[in-house]
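Please read the structure below before turning to the comments.
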Number of protein chains: 2
Amino acid sequence: MGRESLRQTVTIKDVALRAGCGVATVSRVLNNSGSASVDMQQRVQAAADMLGFEFSEVGRSLQSNTTRTIGCVVPSLANPVYADAVQGAQEYFQAAGYQTLLVCTNYDPEFETQAIRTLTAKQVDGFVLTVSDSIFSEGLKSIKSRGIPHCLLFSMASDDEQSWSVDDLSAASRVSDAFVEKGHIDVGFLALKFKSSDRARQRYQGFMQGCYRNGMKKPALLEINEDSQELTGFLKDFLQKNPTLTGIFASNDFLALATIRSARALGLNVPGDLSIVGFDGIEVGTMVEPSLATIVTDPKTMGRGAARTVLSVINGTSAPVLPDPKLTFSFRAGGSLAFPAAERADDEKAATLSPSNNPTNKNDKIQQERLK
Amino acid sequence: MGRESLRQTVTIKDVALRAGCGVATVSRVLNNSGSASVDMQQRVQAAADMLGFEFSEVGRSLQSNTTRTIGCVVPSLANPVYADAVQGAQEYFQAAGYQTLLVCTNYDPEFETQAIRTLTAKQVDGFVLTVSDSIFSEGLKSIKSRGIPHCLLFSMASDDEQSWSVDDLSAASRVSDAFVEKGHIDVGFLALKFKSSDRARQRYQGFMQGCYRNGMKKPALLEINEDSQELTGFLKDFLQKNPTLTGIFASNDFLALATIRSARALGLNVPGDLSIVGFDGIEVGTMVEPSLATIVTDPKTMGRGAARTVLSVINGTSAPVLPDPKLTFSFRAGGSLAFPAAERADDEKAATLSPSNNPTNKNDKIQQERLK
DNA sequence: CCTCCCCATGGAAACGTTTCCAATTTTTAG
DNA sequence: CTAAAAATTGGAAACGTTTCCATGGGGAGG
């Protein structure tokens, strides 16, 4: 097509020519490094302005062996947890003069490896990443072996690295407390993409431990892989196989909301027939009726934290202290969790009215504040 | 600190040395360009593997004047519309071998300008952007004047450029139809950050036109700037100033959900005392009770489309055809919109039961399918 | 056996910067 | 006024690629 393929780009040479000096001088003036006479400064400035000159970061990168670019690898932006975390990281990087190269892996480990390889070739100065399996991740291995500064996000860290993440184990355990407080003994765990998510597995494990500790039954696991379209069918089967179940802990809030919908479609009353607890604490959880009982987290702070850590490694400054694991989450009560129907008569009012207006447990709220 | 600042990076020279040949040969072999003997190919391959060589994209970029990187500028990822659009664009770019440099402007025009400048310096090959004002955007001007391939996303395009966006005008007008069908005459418009969003302004204008066409009152405008914390207070004032209002069109779904919550906090019944309609069609809108009446859009497709357009400009291939404006949205009925209380008695059942299970208007659904 | 071609190969230039160093000019001190 | 010190300036190398071009060798056709 009629495309002018040569985008005229004005370089430091053009400026030097226009200003009648050497390129070294232009570089010094425009970077405020080294010395230059007032006259020369003006000539160079004028020439640069006239030509609309901008430094080419590519040339600079080649020379400085630095790109001021960070690779950011997350499973998906469809999950607001990651979207918020990325936003937090990006803002911090931007403020520090770094750009963010984003890749979504769609929870595919192979894709993750490939993406990390590409970003490495692009010479990113560092990485912030959520890997699907921090032990077996090829990409993470390669990053480590090359000694590229990095920080994990929502992934388990081994001893020699840092991770900003929610204490999934404790948080899930806390959920079992919430269930037992409301008299639930027999509850299930529902996860999407259990196989390819460290997080979901951690939560299940923590939940199992908590249930054990609280003397509850070992939670049955329902694992779905497709998008939640057919959730209703799966849920039906699940409930038939586990007829004594009174509650479900879903591994994230969307799944929890979808579960509420599916439960209703099956003619069940939430929380009367089935209590639901989510994980993540997305905002809409407070807007729905009944409000969603959930673990609330602060993804933006996590993202920002990971960004801080990476930059501290790059700059050789001291790393920010990771938050106390116990403060990385809090439990938010909500109308979706209440006493099972049999014992429910006298609690109905309290369960459906009070949590929706003031859903946050006071202690937990304080914790959450201190995290920021 | 004790940081090994020199990350040993193995270059093409090292490979050449190891393989006992010139750098040109290495380049040819590893790129499969030009010819090379079988023996040489093996030696080079072996050397490269042994050293763990990867091309430096920086060196390549300098040489080829191409970075295989696209700048992606959006207001925020906190809004799932943009998050989805970015994800769609990123996936398409990734598949085509391009990386995505992400910047969130937080709706700040100055920041937007700055970000575009930075990305330009980084020599991105193209841009996908949502600008806050497509007419006055400094950044957009500079992109155009430099002739950098770009495509707008959710922004009004001038004659000489392309934009993948929802037809806000028609969509908002369609909302007025929905209101009037349910017997509303006097409704308001609620927007967040009205000033700095093309979109909100377009929607208001379309809504006004639609209301006029339908013989409704001119919609009152409530504009809030802070995050929705104090929405309840603002809403109270607004309703007191406009006591005859029976419905509110919120400029996005989150705002709509927040409005429902605030309305309830004020003791109002939704939709009985106040009907609410949103915009965007986020998924949770179908999960809440009452389900949210809204305009549904397909941000991921939009993002992917913008990506396609940009790449077509870069490659000089023919641009994809933009979707018919009428197919960029559809109206989804929902329990949050019903006849006002006075006339509501006999519609109550239909309004609260039917839409929640099968919320999509049939015609609109077909349109939506064809958009993909 | 002699040409002529084609294939294989490597040297060197170019891409846009920064920075070292040497050369020249200006300033300062004595 | 002179010498030394300081400031100013430009040339050139280096960063990691790709690609143009020249060189040399081997095979095919005569």
Side-chain angles (χ1 to χ4, degrees), chain A residues 5-45 47-48 51-69 118 120-125 146, chain B residues 5-45 47-48 51-69 118 120-125 146:
Chain A
S5 65
L6 275 211
R7 274 214 322 274
Q8 48 127 5
T9 175
V10 22
T11 80
I12 203 174
K13 274 183 200 162
D14 301 316
V15 178
L17 203 65
R18 194 84 159 67
C21 65
V23 292
T25 305
V26 176
S27 174
R28 274 189 301 258
V29 170
L30 263 24
N31 288 306
N32 262 321
S33 64
S35 59
S37 66
V38 173
D39 169 60
M40 184 61 86
Q41 286 182 27
Q42 291 175 340
R43 270 160 50 206
V44 170
Q45 242 343 313
L51 299 171
F53 171 77
E54 301 249 356
F55 280 112
S56 155
E57 283 300 326
V58 176
R60 285 183 150 174
S61 294
L62 184 58
Q63 149 71 27
S64 64
N65 199 30
T66 247
T67 56
R68 295 192 86 75
T69 292
T118 309
T120 303
K122 274 232 153 71
Q123 314 256 101
V124 295
D125 292 341
R146 288 182 152 78
Chain B
S5 65
L6 275 211
R7 277 217 314 277
Q8 48 125 7
T9 176
V10 21
T11 79
I12 203 174
K13 275 184 199 161
D14 302 316
V15 179
L17 203 66
R18 195 82 159 65
C21 64
V23 293
T25 305
V26 176
S27 173
R28 274 190 301 259
V29 170
L30 262 25
N31 287 306
N32 260 322
S33 64
S35 57
S37 66
V38 174
D39 168 61
M40 184 59 87
Q41 286 182 25
Q42 291 175 341
R43 270 161 49 206
V44 169
Q45 243 341 315
L51 299 171
F53 171 77
E54 301 247 357
F55 280 112
S56 155
E57 283 301 326
V58 176
R60 285 183 151 176
S61 294
L62 185 57
Q63 151 69 29
S64 65
N65 199 31
T66 245
T67 56
R68 295 193 86 75
T69 292
T118 310
T120 303
K122 273 231 152 71
Q123 314 256 100
V124 295
D125 292 341
R146 287 181 152 79

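In this text the structure is predicted, and so the values were computed from the model without any measurement. In what follows, every chain begins at residue 1, and chains take the letters A, B, ... in the order their sequences are listed.
For B:I12 and D:dG16, the CD1 to P distance is 11 Å, given to the nearest whole Å. Nucleotide C:dT9 holds its P atom 17 Å from the CG atom of B:L17, rounded to whole Å. Across the protein-nucleic acid pair, B:K122 atom NZ and C:dT17 atom P stand 14 Å apart, rounded to whole Å. Between the CD atom of B:Q123 and the P atom of C:dG16 there is a distance of 8 Å, given to the nearest Å. Counting to the nearest Å, the P atom of D:dG11 and the NZ atom of A:K13 are 12 Å from each other. In this structure, A:L62 places its CG atom 14 Å from P of C:dC15, rounding to the nearest Å. B:D14 places its CG atom 10 Å from the P atom of D:dC15, with the value rounded to the nearest Å. As rounded to whole Å, 15 Å separates atom C1' of D:dT19 from atom CG of B:N65.
Between D:dT9 and A:T25, no contact under 4.0 Å exists linking OP1 or OP2 to a side-chain N or O.
Residues passing the side-chain contact (heavy atoms from CB on, under 4.5 Å) test with B:L62, sequence neighbours excluded: A:V58, A:L62. Contacts of B:L51 classified as side-chain contact (heavy atoms from CB on, under 4.5 Å), with partners at least two apart in sequence or in another chain: B:V10, B:D14, B:V15, B:R18. Checked against side chain to side chain donor-acceptor pair (under 3.5 Å), B:T118 has the following partners two or more places apart in sequence or in another chain: B:Q114. With sequence neighbours excluded, the residues that form a side chain to side chain donor-acceptor pair (under 3.5 Å) with B:T67 are B:D125.
If you check residues 34-43 of chain A against DNA chain C, you find no residue with a heavy atom closer than 4.0 Å. For the segment residues 52-59 of chain B, residues with any heavy atom less than 4.0 angstrom from an atom of DNA chain D are, sorted by number, B:F53, B:E54, B:F55, B:S56, B:G59.
Applying the salt bridge (charged side-chain N to carboxylate O under 4.0 Å, His left out) test to pairs two or more places apart or on separate chains, those with a residue in residues 58-67 of chain B are B:E57-B:R60. Every pair passing salt bridge (charged side-chain N to carboxylate O under 4.0 Å, His left out) that includes a residue from residues 25-44 of chain A is listed here, sequence neighbours excluded: A:D39-A:R43.
Residues B:G20 and A:S64 both approach DNA chain C. Their nearest nucleotides, taken by heavy-atom distance, put B:G20 toward the 5′ side.
The line from OG1 of B:T11 to CD of B:E54 is 13.5 Å long, rounded to the nearest 0.5 Å. Taking CD from A:Q123 and CG from A:N65, the interatomic distance works out to 6.0 Å, rounded to the nearest 0.5 Å. From B:F55, atom CZ reaches atom OG1 of A:T120 across 15.5 Å, with rounding to the nearest 0.5 Å. The NZ atom of A:K122 sits 3.5 Å away from the OG1 atom of B:T69 when rounded to the nearest 0.5 Å.
As judged by a 4.0 angstrom heavy-atom cut-off over every strand, B:S27 is placed among the base-contacting residues.
Residues B:V44 and B:C21 form a side-chain contact, since some pair of their non-hydrogen atoms from C-beta on lies under 4.5 Å apart.
Out of D:dT17, C:dG16, D:dG10, the shortest distance to the side chain of B:R60 is found at D:dT17.
Across every non-hydrogen atom of A:F53 and A:I12, the tightest pair is CE1-N, 3.4 Å. What you find for A:G52 and B:R146 is that their closest heavy atoms are O-NH2, 3.3 Å. Across all their heavy atoms, B:S27 and B:S33 have their closest contact at O-OG, 4.4 Å.
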Produce the list of close N/O pairs, under 3.5 Å, pairing protein atoms with atoms of nucleotides 20-23 of chain C; give distances to one decimal.
none

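Rounded to 10 degrees, the angle separating the terminal axes of the helix from C:dC1-D:dG30 to C:dG30-D:dC1 is 40°, with each axis obtained from five end pairs.
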